[in-house]
*Asks:* 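Before anything else, here's the structure in question.
In this text the structure is predicted, and so the values were computed from the model without any measurement. Throughout, a chain's letter reflects where its sequence line sits, starting with A, and its residues are numbered from 1.
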Amino acid sequence: MNIFAAKLNYDTTDETLQAAFEEFGEVDSAKVIMDKFTGRSKGFGFVEMSNDAEARNAINALNDSELDGRTIVVKVAEPKGDRPQRRERY
DNA sequence: AATGAGCGT
């Protein structure tokens with residue numbers, strides 16, 4: 001189950017996400033997207049959970065919750081190449 | 001190399 005987490009604190013890293021989701025289930029892997037130039041967080045990340053039930057549970061619990069002082073948004077992730085409306089962003 | 005909705009080096 002791929003999970004999408006956004007509005008993260010810029011200080012939030014993979015381990016922070018990992019720890020947050022591990023409270024509710026078995027985390028396969030957690031990754032915060034980092035900017036290639038600045039090396040800092042882009043403000044969102046992805047979490048892979050092998051157990052779908054735990055994944056949904058984690059989403060319910062962590063969505064609109066607080067992480068590193070920021071209210072984050074947790075949803076089910078979309079397939080990678082399924083964002084045609086994605087523009088040049090700015 | 002900043003920023004604060006959005007879906008990945």
Side-chain angles (χ1 to χ4, degrees):
Chain A
M1 184 58 139
N2 285 6
I3 303 175
F4 171 72
K7 294 180 70 174
L8 305 172
N9 189 294
Y10 293 138
D11 297 325
T12 302
T13 59
D14 304 328
E15 47 188 38
T16 315
L17 256 185
Q18 174 100 15
F21 280 82
E22 273 177 345
E23 300 181 60
F24 302 92
E26 184 178 317
V27 177
D28 187 63
S29 67
K31 174 177 51 181
V32 174
I33 308 306
M34 306 293 269
D35 191 272
K36 293 180 278 295
F37 298 95
T38 66
R40 286 162 196 148
S41 172
K42 282 184 179 175
F44 62 93
F46 294 90
V47 180
E48 301 180 33
M49 298 185 73
S50 44
N51 191 315
D52 289 24
E54 292 178 345
R56 283 183 266 119
N57 181 36
I59 294 177
N60 272 285
L62 293 174
N63 181 40
D64 201 61
S65 70
E66 193 176 291
L67 184 63
D68 278 345
R70 294 303 178 191
T71 303
I72 67 176
V73 177
V74 183
K75 304 174 183 176
V76 179
E78 307 171 348
K80 270 191 176 182
D82 191 47
R83 188 98 292 209
Q85 208 167 5
R86 186 178 73 187
R87 289 176 34 176
E88 308 82 30
R89 92 182 59 170
Y90 304 96

*Asks:* Please work out if A/K7 contacts a base, only the sugar-phosphate, or nothing of the nucleic acid, heavy-atom cut-off 4.0 Å.
*Replies:* base
*Asks:* Can a donor-acceptor pair be found, under 3.5 Å and without considering hydrogens, that links the side chain of A/D35 to the backbone of A/F37?
*Replies:* yes
*Asks:* Would you mind classifying the nucleic acid contact of A/S41 as base, sugar-phosphate or nothing, using non-hydrogen atoms under 4.0 angstrom?
*Replies:* base
*Asks:* Classify the nucleic acid contact of A/I72 as base, sugar-phosphate or nothing, counting any heavy atom under 4.0 Å across all strands shown.
*Replies:* nothing
*Asks:* When the distance from CZ of A/F4 to P of B/dA5 is rounded to whole Å, what number comes out?
*Replies:* 12 Å
*Asks:* Which nucleotide in the set B/dA1, B/dC7, B/dT9 lies at the smallest distance from any side-chain heavy atom of A/K75?
*Replies:* B/dC7
*Asks:* Hey, could you give me the CZ/CG distance between A/F24 and A/N51, rounded to the nearest 0.5 Å?
*Replies:* 14.5 Å
*Asks:* Scan A/V32 against the nucleic acid and name what it touches under 4.0 Å (heavy atoms): base, sugar-phosphate only, or nothing.
*Replies:* nothing
*Asks:* Check every strand shown and say whether A/D35 touches a base, only sugar-phosphate, or nothing at a heavy-atom separation below 4.0 Å.
*Replies:* nothing
*Asks:* Starting from the 5' end of DNA chain B, give me the residue, A/R40 or A/V73, whose nearest nucleotide shows up first.
*Replies:* A/R40
*Asks:* More 5' along DNA chain B: A/N9 or A/E48, using each one's nearest nucleotide?
*Replies:* A/N9
*Asks:* Checking all strands, does A/V76 fall into the base, sugar-phosphate, or nothing category for heavy-atom contacts under 4.0 angstrom?
*Replies:* base
*Asks:* Indicate whether OP1 or OP2 belonging to B/dG4 is found under 4.0 Å from a side-chain N or O atom of A/R70.
*Replies:* no
*Asks:* Would you say A/V27 ends up clustered with A/I59 if hydrophobic residues are merged whenever their side chains have heavy atoms under 4.5 Å apart, either directly or through other cluster members?
*Replies:* yes
*Asks:* Compare the ring of A/Y10 with the six-membered ring in the base of B/dG4 and state whether they stack (centres under 5.5 Å, planes under 30°).
*Replies:* yes
*Asks:* Quick one: does A/N57's side chain have a donor or acceptor within less than 3.5 Å of a partner on A/A53's backbone?
*Replies:* no
*Asks:* Does A/K42 place a side-chain N or O at less than 4.0 Å from the phosphate oxygens OP1/OP2 of B/dT9?
*Replies:* yes
*Asks:* Whole angstrom is fine here: how far is it from CE in A/M34 over to P in B/dA2?
*Replies:* 12 Å
*Asks:* Expressed in angstrom and rounded to an integer, what is the separation of A/K36 atom NZ from B/dT3 atom P?
*Replies:* 19 Å
*Asks:* Has A/E48 got a side-chain atom pairing as donor or acceptor with A/D28's backbone, closer than 3.5 angstrom?
*Replies:* no
*Asks:* Measure from the side chain of A/A6, starting at C-beta and using heavy atoms only, and say which of B/dG6, B/dA1, B/dC7 lies closest.
*Replies:* B/dG6
